Amino acid sequence: MYRRNGLSDGASISSASSEGTSSLLSLDGPSGDYAKSYDAVVFDVLKVTPEEFASQITLMDAPVFKAIQPEELASCGWNRKEKHILAPNVVAFTRRFNQVSFWLVREILTAQTLKIRAEILSHFVKIAKKLLELNNLHSLVSVVSALQSAPIFRLSKTWALISRKDKATFEKLDFLTSKEENYTRMREYIRSLKMVPCIPYLALPDSSVVLH
């Protein structure tokens, strides 16, 4: 099971060991054949601009975040068996995190050629940058986490085709979202925003909320 800092929602990835081979992912349900359900002719991720993707992701994240009640965080109910009752909105927010991550992984791994896979990977790096510009740290961490996951990070041939600029962007975003010292850099970034609205990343596993 793929997790970042303990955030998971029953989703799992089973991936082949070498680039160019098929991979199987399952999202909130039993494993399925994504080759049958995914039609690249109907939807081409590269035809939607990073700005539009980031905007739409943020529009979907915002109401889920706003619905979280203070008592859900204070009770740490998301760690309990009755989490769907004690912290339903935190669970929904976590689900959004995983939906974005696994969507990204699926889009990259189902690419038909190495060239297209590299283009899609670069596209998601640009989307991550736009998410930061929108101060959507929740989905920013989701995207960066997915790009760091084993099924994607092991694609050495794909990463080799990524431009130097996109690699530098990814490294900067990775540095910002690093969990070192309890997300010190992200906390500092949020403080720098002062009164500017943002969608924070909730560092749930260590019972710490990034946004004070």
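The structure presented is a predicted model; accordingly, all values stated were derived computationally and were not measured. What's counted below: heavy atoms across the whole structure, side chains too, no hydrogens, waters or symmetry copies.
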Donor-acceptor contact below 3.5 Å, side chain [X] vs main chain [Y]:
{"X": "Trp159", "Y": "Lys167", "value": "no"}
{"X": "Arg117", "Y": "Lys157", "value": "no"}
{"X": "Gln112", "Y": "Thr110", "value": "yes"}
{"X": "Ser142", "Y": "Ser101", "value": "yes"}

Identify the two heavy atoms, one from [X] and one from [Y], that lie closest to each other, and give their separation to 0.1 Å.
{"X": "Val143", "Y": "Ala128", "answer": "CG1-CB, 3.8 Å"}
{"X": "Ala118", "Y": "Ile162", "answer": "O-CD1, 3.3 Å"}
{"X": "Asp61", "Y": "Arg96", "answer": "OD1-NE, 2.8 Å"}
{"X": "Ala146", "Y": "Ser149", "answer": "O-OG, 2.6 Å"}
{"X": "Cys198", "Y": "Leu193", "answer": "CB-CD1, 3.9 Å"}
{"X": "Met60", "Y": "Val64", "answer": "O-CG2, 3.5 Å"}

Ring pair (Phe, Tyr, Trp, His ring centres under 6.0 Å) against Phe53, all qualifying residues, sequence neighbours excluded: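 With neighbours one apart ignored, the set is Trp103.
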
State, yes or no, whether a side-chain contact exists between [X] and [Y] at a heavy-atom distance under 4.5 Å.
{"X": "Phe170", "Y": "Val144", "result": "yes"}
{"X": "Ile120", "Y": "Leu46", "result": "yes"}
{"X": "Leu155", "Y": "Leu109", "result": "yes"}
{"X": "Leu137", "Y": "Leu132", "result": "yes"}

Contacts of type side-chain hydrogen bond (donor to acceptor under 3.5 Å, both in side chains), residue Gln69, not counting sequence neighbours: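 Gln69 satisfies side-chain hydrogen bond (donor to acceptor under 3.5 Å, both in side chains) with no residue once adjacent residues are dropped.
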
Residues in side-chain hydrogen bond (donor to acceptor under 3.5 Å, both in side chains) contact with Asn135, at least two apart in sequence or another chain: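 Tyr189.
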
Glu180: salt bridge (Lys or Arg N to Asp or Glu O under 4.0 Å) partners, not counting sequence neighbours: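 For Glu180 the salt bridge (Lys or Arg N to Asp or Glu O under 4.0 Å) partners, ignoring immediate neighbours, are Arg185.
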
Pairing residues for Glu51 by the salt bridge (Lys or Arg N to Asp or Glu O under 4.0 Å) criterion, not counting sequence neighbours: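 Once residues adjacent in sequence are excluded, the partners of Glu51 under the salt bridge (Lys or Arg N to Asp or Glu O under 4.0 Å) criterion are Lys130.
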
Which value, rounded to the nearest 0.5 Å, describes the distance between [X] atom [atom1] and [Y] atom [atom2]?
{"X": "Arg187", "Y": "Glu181", "atom1": "CZ", "atom2": "CD", "answer": "11.0 Å"}
{"X": "Gln56", "Y": "Ile127", "atom1": "CD", "atom2": "CD1", "answer": "11.5 Å"}
{"X": "Ile116", "Y": "Thr158", "atom1": "CD1", "atom2": "OG1", "answer": "11.5 Å"}
{"X": "Phe124", "Y": "Ile152", "atom1": "CZ", "atom2": "CD1", "answer": "9.0 Å"}
{"X": "Leu121", "Y": "Glu107", "atom1": "CG", "atom2": "CD", "answer": "12.0 Å"}

Connected via hydrophobic side-chain network under 4.5 Å: Leu140 and Val48: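 Yes, Leu140 connects to Val48 through the hydrophobic network.
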
Common cluster, Ile57/Leu59, ILVMFWY with side-chain heavy-atom separation under 4.5 Å: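 Ile57 and Leu59: separate clusters.
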
Sequence neighbours left out, what passes side-chain contact (heavy atoms from CB on, under 4.5 Å) with [X]? Give chain and number order.
{"X": "Thr169", "answer": "Val125, Lys129, Leu173"}
{"X": "Glu171", "answer": "none"}
{"X": "Ser55", "answer": "Leu134"}
{"X": "Ala168", "answer": "none"}

Sequence neighbours excluded, every pair satisfying salt bridge (Lys or Arg N to Asp or Glu O under 4.0 Å) that has a member inside residues 118-127: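 The answer is Lys115-Glu119, Lys126-Asp166.
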
His138 ring center near Phe65 ring center (under 6.0 Å):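 Not close enough - the centres of the two rings lie 6.0 Å or further apart.
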
